[in-house]
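A note on names: the letters A, B, ... follow the listed sequences, proteins ahead of strands, and every chain is numbered from 1.
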Amino acid sequence: MDTTRTATARLRRGPPRLIALLPPALTTPIQVNPQLLLALALALAYHCSLSFFTFGRTYDAFVHIFFADHYARAWFDHWDYRWYTGFTMTSYPPGSQQTIALLAKFVGLRTGFVFTQTFAVLMVTVGAYRFACVWASEEAAGYAALLAVFSSSITETIHVFGQLPTMFSLGFLLNTLPFVYRWVREGKLRYLYLAWVGNAATTAGHHVTTLFGAIFFVAPVIVLALVESLREPHPGEPSAHPATLTWANLRPVLVRRVRRVLPSTIRAGVYGVGLVALLLLVVLPYWLWSKADPITQVSIPHASRDSFIKNINAGLVFWLVPYGLTLVGLPYAFYKGMTTKAWPMTLSLAMLVFLGTGGTTPFPKLLLGGAFDVLTLDRFTFWATITVLPLLGEFVRSLRHGNLARYVREQFGYSMLRIVQTSLLISYVVMSVWTSSLTQFRKFQPAAIDVDPIVTFLAKDEHWRWRYMTLGFGDQVAWLGSQTTATSVDGNYHSARRLPELTSTPVERLEGAKYSGIPGIGSLQQFMAVPDKYNLKFIFSNDQFYDPLLYFSGWHRLQRLENGIMVWERADIPALPEVLPRKEIPSFQRVMWGLVPMGALIIAMLSMGAYTARHLLRARRRWKAETEPELLGDRTQSSLGHWLVPDWAARRGWALFHILHPYITGPWRWVDGLLLRWSALPPGSDGGRPVPWQFWQIWLERIPWPRPAAPTARQVRSMIILGIALLGTAYGISRYLKAARTPTAVLQAYYDDLDFRRFDAAYARLDPLARPTYDQYLINLSLQGGLVASYGKLANVAVDVRQTSQIAATAEVTATWITALKTYPTYRTHEMHLRDGAWTITPDPPETDRPAEMFVRRPEVAWNTPAAGSGADLGPVPPASDRPEIQVLSSRLVRHDMRYSVVGELVNLDADPGDLTVTAILFDPKSAELSRYNAQSVISHKLLPREITPFRVDFEGVAGTMITKTLSPSFDPTAFTPPDLSSPVASFVVYAKAVVTQRDLRRDLSLYNLRITRDDAGYAALSGTLYNHGTVEATIPELLLTYYDQGGQVAWVDARFVERSVRQQTSLDFSVRLTPRDQVETLRDSGAGYSNQRSAGVTSAISRDERLALPPDLGYDSLRVSLNTFNGGT
Amino acid sequence: MRQGTGTWRQATALLLTLLALLLTGCARRGQAATPAWDGVLRISAPPLAHAGETVSVLVEGAAPDGAEVTLTVMLGYGPHVYRAQMIRGAAALAIPAADTREAGAATLVAGVGAARASTSLNIVAGPTTTLSEPLVGPRSICVGELDHSLATVIASDQYDNAPADGTGLTLHLSYPDGSLAALELRTRGGMAWAPLVGHRRAGTVAVGATSGGAHSSDADMSVAACVPTPFSLRAVPPGLPADGRQILTLRTSPITDSYANPLPDGTLITFLVAAPSGELRIPAQTIGGVAEVTLRAPQEPGTASVRAIILGVESAPLEIVFSSMGGLAPLHR
């Protein structure tokens, strides 16, 4: 009877509060916090199921899958050849990726990723609970776990960003914090062990989390532990308290506190040393790599460093969405945090919130210094939303049945309380669901690409012997990379970039170069122009924007794969050598990289699991012991240690420990005794009651703080109505300003509609009395093709309303269009009329140049080289193909606009068409090479038999290295990076080679009515008409202008792209400005030309009959015009 | 106390397990060698053998009966070892045919106990049985004697050994006009080569090789007309009204080289038109030796002068009259 009573009392009282999965009140043997159980179930159901559908559209998921694929293929190999011409895997902590690799053996990479991500979410959920237990009540901790499941920041991190390592390591970190707290407070070695293994696992997943977690998570926990130690009287401490603080009793009072806090401080120090050691040891190869090969790259711009006021989208993605409905509870969190023991964590929260504002204020940059440009600051916002969870748990508790609930019930009634609770709950969940589907509303990535056809293409005919590149793939480039062993010059992990063309520019990926302005296009152009340098032969394009750049750089379309991806190929590229270079590291580092991080993860999981299981079983055993003591047997005989180690050995080991123990504890006992003696108050100082030694608290209490009453229901309602009114007014003003109230606004909106292909909206802005039918309007638009209409992106629209009346206006519109080749300004005049209170645009008259109404027959010549599609393409030059005989007719080194160029002419003397590669090299007086480059867009790369082409090689340095000195950071496709010539140029040579080709050999355009004219500014111009006598639209015509001096030699070569296309059997007028001779400085008259033909009878004079005489004031003798045309539709 | 004892138990158990793992790497000691025979040893073998033949080797010496004879044959692709026993002062060994397939010099070393003797053996290639398809480059050349290509043939015996230098080989050429030619060549380093010219007829030249009973497959070489002779132009119709709409066809006469071979299809030709409104440049390609372009009638009446050029070779000029709309020119088809 007594036993039963004792057991019941014990059960009611409950065990000491454990920061495990145990609630403070044990009503059943192993009961777990119900909110936590619910949170885990929801996390599993919600995030795991959703991840299968969302991870493919995230930013980073495929990158981690790529890394995992590497480990699945070669666990201990530190080198991967597939990106950036090879990079080391020790450049990123491998924990989460190796976990995927292990799982991939059973379920594949994609499912492995989802499972690992789910594991991370579950760890974070449990961790949020444990972390909250440190700062808040048990109930609040349960709510914190639930809040974590539907946190919009966690949802965004998982389902939008795909940041697996961040979540993976955070889970371990949060689970580690209670052990840190208990080690510092209680000093039991097992807590130190668990804290360290948790830190090791955190580091294995993501070293940055350990690094910053030590500041923003671990430090507040240690401060809390130290403060609690400071306040808790030490056992054996003198009980006397001074009545007042005097100089005489100040030292004993202080020493008393020192004695209280010293053990905790030492333990914190011991822990800190171990933490640093583990941070270094677990990912030691990473640190060694960082030291040996430091990241000297130009930092990548990140919108989290922008001002969120100027860049609203950045503010939305990196601030508003992560915080979400947390913002409602944030004031409460700060209030609650600063007025309770959670103040250290609240200070950390404040700092994180502050740093997470990015470049909105200058202060984060001032605080972080150079690190500001390297860090992604959204990480701080993410951590802020984690640190606030315990206080939000308190907010929920208060709103459910605490002070907030009482206030709302008293002021607004019970129904309103339920409405507020329900609406907040629903809003929180809806916000999370909306965030998870953010990638559906805002497309961050191109549509999903089936990479299988690309993988098959790379595998067949040994196409993997060359490097490849993708354009317009987004982060799916990583998924492609993980599915093939073929190598690429590009990649999706910018820290591993090695080529100077990439590291010297802030270009994250070449495949999205158009989003990176000059550096992006500049880098890409170099790879396009000199692909042989990188063994780059294939480009998979998912973005037509780059088509003109590719074509005019000598690439041709090989085939369109069944997934819609266009394959571009560059002919005559040498294959990769059999053995590729790699940077070796010592074997011990490779072994460490393969074993230590994964070992740390396994040990941490086993240890934490064992700890949790032990406590659960202990609780059950305790309950059993108290209710059924006769069932408890001797458990110790069954342990593994007992089985392996005999009793005599265990006894001797323990005896050895006893021998050593005094030597360890002796000095400490001496110091503690000394402090204890110094803690004694002077006689007569005992005042009987404790007096706070924090004298400033006494002063603060004297200040008359205003204590306003809580707002009444009426005040709250008034504030809500006022807020709604203010927001509505602001929105109305904004709408009014954006509305079509002026001709300028209408025209700008019209051009914007055209740019984004919103043709119905553009049509609606046309004059209803003058516009054609909508179908006819679309037909008229379809006739306007070409570089600007089909490949241009609107950059700027300037409207000048010249003439206006009450109902009519005339406006001059200057629109600036960006293409991959150059920037085009277009000038148009629009008539406008006021119709029903809105300005409308008079549509352009329909195009008058229509093709002759006759059926056109046109014979064509087609070629086929056995290499194409036969499966025989096994080498740089297929065995059945040939090198056409080409001859360099002339070459000359010139300088134009401060840029070195080699200009000249060459001819195809063969019976077969050829695909040209022309390389020029500059030498100094000692015949040392200064620079080399290929002819890019100022040449016709594909030559028919007996065809002549001019060429111009414009020398460039490594893209981006001189950007800050020479160029503005805005987009300008024609910008270049000058070469860094250390010596004067003494000589130069030209190498020309060709292989037989069958592609892009149409010559459908004719030049009509060529004449030299003067433009409005008095400059000489070539005017004429392009006529397409073929059966295919000439999408982008390029005029190649070869200027000859009086000696008949090439003096300069110009390339002019015509902005509009020329449809078949139609004509198009053009006028292009000529370059005066005085703008071109001749440096060397003739260089050596190397090609496979040198026929004495073939000279520059063979094209004399095709030349136009030029006016003498231009400084030239004559001009030859040739055409190079991109047919986009083929 | 109980808890501390458990910790020591576990640590000791771990230590014992590691020790057991380390012990598995130990091995037992080896045996001592017996004394070796050391006398005079002789080896005899033919100095020359054909690839794929069995070679007999005789080893003689005063070694006791039953002593083990080791014959090591060191070839270019690695050593082979054969063993026999001495019987009455001699041991006969045979190098099997499978081990003599690679031609080249071999060293034969016989050993009995500590005694050694050596000799050399030269394995030569057998008769030529395989000829590669002639490698021709460039694959296309111009008609005439000025342009050259090169044909190279690789010969080998049945075991892929290069034949001895000077082995005879015949290169057979079949020209587009049906004529045949044979070039007698000698191999060097397993290869034979000869320059080729295009002669007078454009087309495809088949190139093959024979040696003994071996035949190669044929390779093709393209011979094309390269340098055109002067040609003429005509317009169809010869004139048009200047309406800016109708189209006229300009056509060349068949363009051939000096041997009457038409220029290959796809050769670029440029029509130069001097019209009252300005100069015109119209590119075209030959098909069957003829090139044609269309010319849109101008809107203003006048006379246009037309020429066509292929890399410096120019046609005779052609005059075309575009009449006013009032007096339509007659159509000639």
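- Counting heavy-atom pairs closer than 4.5 Å to chain A, the top-ranked of the candidates B/Cys226, B/Gly312, B/Ala274 is B/Cys226.
- Within the 4.5 angstrom heavy-atom criterion, only backbone atoms of B/Thr286 (N, CA, C, O) approach chain A.
- Your options are B/Gly266, B/Ala225, B/Ala224, and the one with the most heavy-atom pairs under 4.5 Å with chain A is B/Gly266.
- Note on B/Ile310, B/Thr270, B/Asp147: by heavy-atom pairs under 4.5 Å with chain A, the leading option is B/Asp147.
- Residue contact with chain A, scored on non-hydrogen atoms closer than 4.5 Å, involves the backbone and the side chain of B/Leu295 alike.
- Residue contact with chain A, scored on non-hydrogen atoms closer than 4.5 Å, involves the side chain of B/Pro264 exclusively.
- With a 4.5 Å cut-off on non-hydrogen atoms, A/Val1098 does not touch chain B at all.
- Interatomic distance, A/Arg946 CZ to B/Leu263 CG, rounded to the nearest 0.5 Å: 7.0 Å.
- Annotation: side chain of B/Arg296 is in contact with side chain of A/Ser1067 (closest heavy-atom distance under 4.5 Å).
- Looking at A/Asp910, the atoms closer than 4.5 Å to chain B (heavy atoms on both sides) all sit in the side chain, from C-beta outward.
- Considering every non-hydrogen atom in both B/Asp265 and A/Trp863, the closest pair reads O-CZ2, 4.0 Å.
- Within 6.0 Å of CZ on A/Arg1056 lie more than 12 heavy atoms contributed by other residues, nucleotides or ligands.
- With rounding to the nearest 0.5 angstrom, the OG1 atom of B/Thr267 is 11.0 Å from the CD atom of A/Glu947.
- For A/Leu1108, the parts lying under 4.5 angstrom from a heavy atom of chain B are both the backbone and the side chain.
- Annotation: B/Leu146, atom CG; neighbour count of heavy atoms from other residues, nucleotides and ligands within 6.0 Å does not exceed 12.
- Counting heavy-atom neighbours within 6.0 Å of B/Arg307 CZ, excluding the residue itself, gives a total above 12.
- For the pair B/Thr294 and A/His1029, the tightest heavy-atom approach, listed with the atom from each and the gap, is OG1-CB, 3.6 Å.
- Heavy atoms of other residues, nucleotides or ligands lying less than 6.0 angstrom from CZ of B/Arg234 number 12 at most.
- In this structure, the side chain of B/Arg281 engages the main chain of A/Glu1106 through a donor-acceptor pair within 3.5 Å.
- Heavy-atom neighbours of A/Glu860 CD from other residues, nucleotides or ligands within 6.0 Å: above the threshold of 12.
- Judged by distance alone, the side chain of A/Arg858 and the main-chain N or O of B/Val293 form no donor-acceptor pair under 3.5 Å.
- Formation of a donor-acceptor pair under 3.5 Å by the A/Asp882 side chain with backbone atoms of B/Arg139 is found in this model.
- Within 6.0 Å of CZ in A/Arg1011 there are more than 12 heavy atoms belonging to other residues, nucleotides or ligands.
- Interface remark: A/Asp912 contributes side-chain atoms only to the contact with chain B (heavy atom separation under 4.5 Å).
- When all heavy atoms of B/Glu314 and A/Asp1105 are compared, the pair lying nearest together is OE1-OD2, 2.8 Å.
- Interface remark: B/Ile309 contributes side-chain atoms only to the contact with chain A (heavy atom separation under 4.5 Å).
- Taking the side chain as every heavy atom from C-beta outward, A/Asn1009 and B/Leu280 approach each other to under 4.5 Å.
- Proximity to chain B is limited to the backbone of A/Leu1005, based on heavy atoms less than 4.5 angstrom apart.
- At a 4.5 Å heavy-atom cutoff, B/Asp220 makes no contact with chain A through either its backbone or its side chain.
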